[in-house]
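Structure, as structure tokens:
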Amino acid sequence: MSGTFLGMPAFPRNAAAAVQDSQLRFNLRKATRTIRGKRAAVVGELPDWAALREAGKQIKDHTLRNLDRYLLQLEEAVTRAGGHVHWAADAAEANRIVAGLVEATGETSVVKVKSMATQEIGLNEALAERGITAYETDLAELIVQLGDDWPSHILVPAIHRNRSEIREIFRERMGEWGRPAPEDLSDDPRALAEAARLHLRERFLASEVAISGANFMIAETGTLVVLESEGNGRMCLTLPRTLISVVGIEKLLPAWRDLEVFLQLLPRSSTGERMNPYTSTWTGAVEGQEFHLVLLDNGRTAVLADEVGRQALRCIRCSACLNVCPVYERAGGHAYGSVYPGPIGAILTPQLRASGTVASRDRLPPSATGDLDASLPYASSLCGACFEVCPVAIDIPEVLVHLRARTPHPRAERLGMRAAGWVFDRPVRLARAQRLGGRLRRFLPRRLPGPLSAWTDTRDIPDVPAESFRDWWDRTEGGTR
Ligand code: SF4
């Protein structure tokens, strides 16, 4: 992933460029519709889905309220089981810890299980600076890495690529990273998967260090859980002699039995399956393998302090909100300028970055990310579809509106809103304004002047009625006369 990822221009400019790409729009529409349909079918099978969703929300909220206590419990349990726990306040510290651990093994390469947390902190780039090569082993992440590309979806990072593009990437780049793709590689999905399987198999067998994230951590037992579909995670977690897991502190669950809820919510919301093909759990070190857990804050504690915004920390990264979002479906993931695209990215990225603990690869002036982050809460029509499908009931529209209030607004808009607030504050003022508007309606402009024209360029001003509803009600006694 390029280091310029965090310095992209504001969302509207990114999105305007993306919607011109008809191939991208076609790929996204096809993929999101397919996943959306699968999700709806398997969620519809469960009569207690609403209760499960509420349980997921309650467990997450309870954990976040008691995060300090559960984190210490987790540390104790992992240490008791022979693992080593490291605390990282920000991306730079996490990268330093991981690079140091890899260097201590004497190895110069690692295999990786798909992990949003390591993308968030720019771990691959930080390792490369220390002469360590990180090999992605998830199929979609492999496509992104070989294509020198950026992920554009939480679950399917290469969702913007179709199979003929993937064939070209494999043919041109696979040989630079290890076993090359066959000369006569076709774009048949089975042939592409087989080429990736053979390429990765050599890498698994040659690697002594693996780096993973985790979907969940259990405070009570010190167990980490990874859900995946390809089996690459299982290979990384079990074969190498050193396993390093970098996990955000919000991924905690108090007890083993809480998994019962999340192992139903996550697969159905993400891949549209009843359960994941591979569910790996491990507790501390096992015989022949050293285990390190790096607990990552990187802005999460600051997000936790915000009463409205903190619900974003309930996210289990299922990506259901992306798949239903009309803005994401047209603009694609790159427009969000973050590893977290779509509706969850629009509320999580600005909050994490606002804490000042951004990824170490961000060497751009704050204004570059500032523009982007200020625009992200507006990357939504507020239709509410994201909230409807979220398995942990994050009210994304509520957080979007909350974050919009925080961003700087033009003076003309602020004055306009202040005037509107004054009018709406008293019923008598509102009634007078409505009567005045009704009388002057023929003279009202269709387009506002000056800087306010930006508002009417993209919106229709509704027709002002000759008589307000209140006046009509008074005159007709509620329509009875
Ligand atoms: S916000 Fe909700 S729907 Fe979106 S990725 Fe997170 S858990 Fe899934």
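Counting starts at 1 for both ligands and their atoms, in listed order.
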Cation-pi geometry met for R317 and F262 (6.0 Å, 45°): no
N, O or S atom of C315 closer to atom 6 (Fe) of ligand 1 than 2.8 Å: yes
Within 45° cone and under 6.0 Å: R203 NZ/CZ vs Y135 ring: yes
Element-labelled atoms of ligand 1 that are located less than 4.0 Å from some non-hydrogen atom of C321: 1 (S), 3 (S), 4 (Fe), 5 (S)
Close-contact set for ligand 1 against S319 heavy atoms, below 4.0 Å: 5 (S), 8 (Fe)
Metal check, atom 2 (Fe) of ligand 1 vs C390 N/O/S, cut-off below 2.8 Å: yes
Any N, O or S atom of C318 closer than 2.8 Å to atom 8 (Fe) of ligand 1: yes
Pair W87-E75, side-chain donor/acceptor within less than 3.5 Å: yes
Contact partition for A312 relative to ligand 1, non-hydrogen atoms under 4.0 Å: neither
For I394, the ligand 1 atoms whose distance to one of its heavy atoms is below 4.0 Å: 1 (S)
Validation row, ring centre F26 to ring centre H160 under 6.0 Å: no
P391 heavy atom under 4.0 Å from ligand 1: yes
Any donor-acceptor N or O pair under 3.5 Å, side chains N124, K112: yes
Heavy-atom closest pair, residues E230 and Y278: C-CE1, 3.6 Å
Pair T283-T223, side-chain donor/acceptor within less than 3.5 Å: yes
Heavy atom of I316, distance to ligand 1 below 4.0 Å: yes
